[in-house]
Amino acid sequence: MSLISEIKSALVPLNIPTRRLRLNKEDEEKNYDQYIIVYFLNEYGILFGDDEEIATAHSIQISLFTRLNFEQTVKEIKKLLKPLGFMRTSEYEIYEYETGYYHKVIRFSYANETEE
């Protein structure tokens, strides 16, 4: 299972649409009260042996777009991802005037052995 699939599966209990990179046209027409977008920010080797990458670090961004109070949802996101080995590195929030959504950004790091 891909890392994005693992994240999406972990977030299923929230019952919030979760997509990679962006909403598709069909999603945009639904005008959700809240949705989650997952991004890879960076991936890089952290352990090498015999000139081969053995372990990879991933920087991941979870963007929660919502018109609702997001504090409890943010706590739940962190709670659901922690058992999978995701460590929160930073977070911030902004208001998107053009869409009317609050945008909560949570960034995580994750490391795993490189698959062959």
**Asked** Looking only at heavy atoms, which two atoms of Leu80 and Pro13 are closest? And how far apart?
**Response** CD2-CG, 4.3 Å
**Asked** Looking at CD of Gln72 and NZ of Lys75, how far apart are the two atoms once the value is rounded to the nearest 0.5 Å?
**Response** 5.5 Å
**Prompt:** Minimum heavy-atom separation for Ser63 to Tyr39, with atom names?
**Reply:** OG-CE1, 3.5 Å
**Message:** With heavy-atom distances below 4.5 Å as the criterion, would you say the side chains of Ile77 and Ile62 are in contact?
**Reply:** yes
**Request:** Compare all side-chain heavy atoms of Arg88 with those of Leu81 and state whether any distance is below 4.5 angstrom.
**Result:** no
**Message:** Once you measure the plane-to-plane angle for Tyr110 and Phe86, does it fall in the parallel (<30°), tilted (30-60°) or perpendicular (>60°) bin?
**Reply:** parallel
**Request:** Treat each ILVMFWY residue as a node, draw an edge where side-chain heavy atoms are under 4.5 Å apart, and state whether Phe108 and Val38 are in one component.
**Result:** yes
**Request:** Rounded to the nearest 0.5 Å, what's the gap from CD on Glu96 to OH on Tyr102? Could you check?
**Result:** 12.0 Å
**Message:** Heavy-atom count check: over 12 atoms from other residues, nucleotides or ligands less than 6.0 Å from Tyr95 OH?
**Reply:** yes
**Request:** Please confirm whether the backbone N or O of Ile16 pairs with a side-chain atom of Thr18, one donor and one acceptor, at under 3.5 Å?
**Result:** yes
**Request:** To the nearest 0.5 Å, tell me how far His58 NE2 sits from Ile46 CD1.
**Result:** 8.0 Å
**Request:** Say whether Val74 and Leu14 are linked into one hydrophobic cluster, either directly or through other cluster members, by side-chain heavy-atom distances under 4.5 angstrom.
**Result:** yes
**Asked** Ile106 versus Leu64: any side-chain heavy-atom pair under 4.5 Å?
**Response** no
**Asked** For Arg107, does its backbone N or O pair with a side-chain atom of Thr89 as donor and acceptor, under 3.5 Å?
**Response** yes
**Message:** Quick check: do Phe40 and Arg20 have side-chain heavy atoms less than 4.5 Å from each other?
**Reply:** yes
**Asked** Is a side-chain N or O of Arg67 found less than 3.5 angstrom from the main chain of Tyr32, in a donor-acceptor match?
**Response** yes
**Message:** I'd like to know if Val105 and Ile37 are part of one continuous hydrophobic network [Ile/Leu/Val/Met/Phe/Trp/Tyr, side-chain heavy atoms within less than 4.5 Å].
**Reply:** no
**Request:** For atom NZ of Lys30, decide whether the heavy atoms of other residues, nucleotides or ligands shown that lie under 6.0 angstrom number more than 12.
**Result:** yes
**Prompt:** Are the side chains of Thr66 and Lys104 in touch, meaning some heavy atoms are under 4.5 Å apart?
**Reply:** no
**Request:** Determine whether Thr73 and Ile36 make a side-chain contact, defined as any pair of heavy atoms from C-beta on separated by less than 4.5 Å.
**Result:** no
**Non-hydrogen atoms of Glu6 and Leu84 that approach each other most closely** = O-CD1, 4.0 Å
**Request:** Supply the atom-to-atom distance Thr99 OG1 to Asn31 CG, rounded to the nearest 0.5 angstrom.
**Result:** 10.0 Å
**Note, Leu23 side chain near Phe65 side chain (heavy atom, < 4.5 Å)** = no
**Item:** Sidechain-backbone polar pair: Asn42 side chain, Tyr44 backbone, donor-acceptor under 3.5 Å
**Value:** no
**Side-chain donor or acceptor of Asn24 paired with backbone N/O of Glu26 under 3.5 Å** = yes
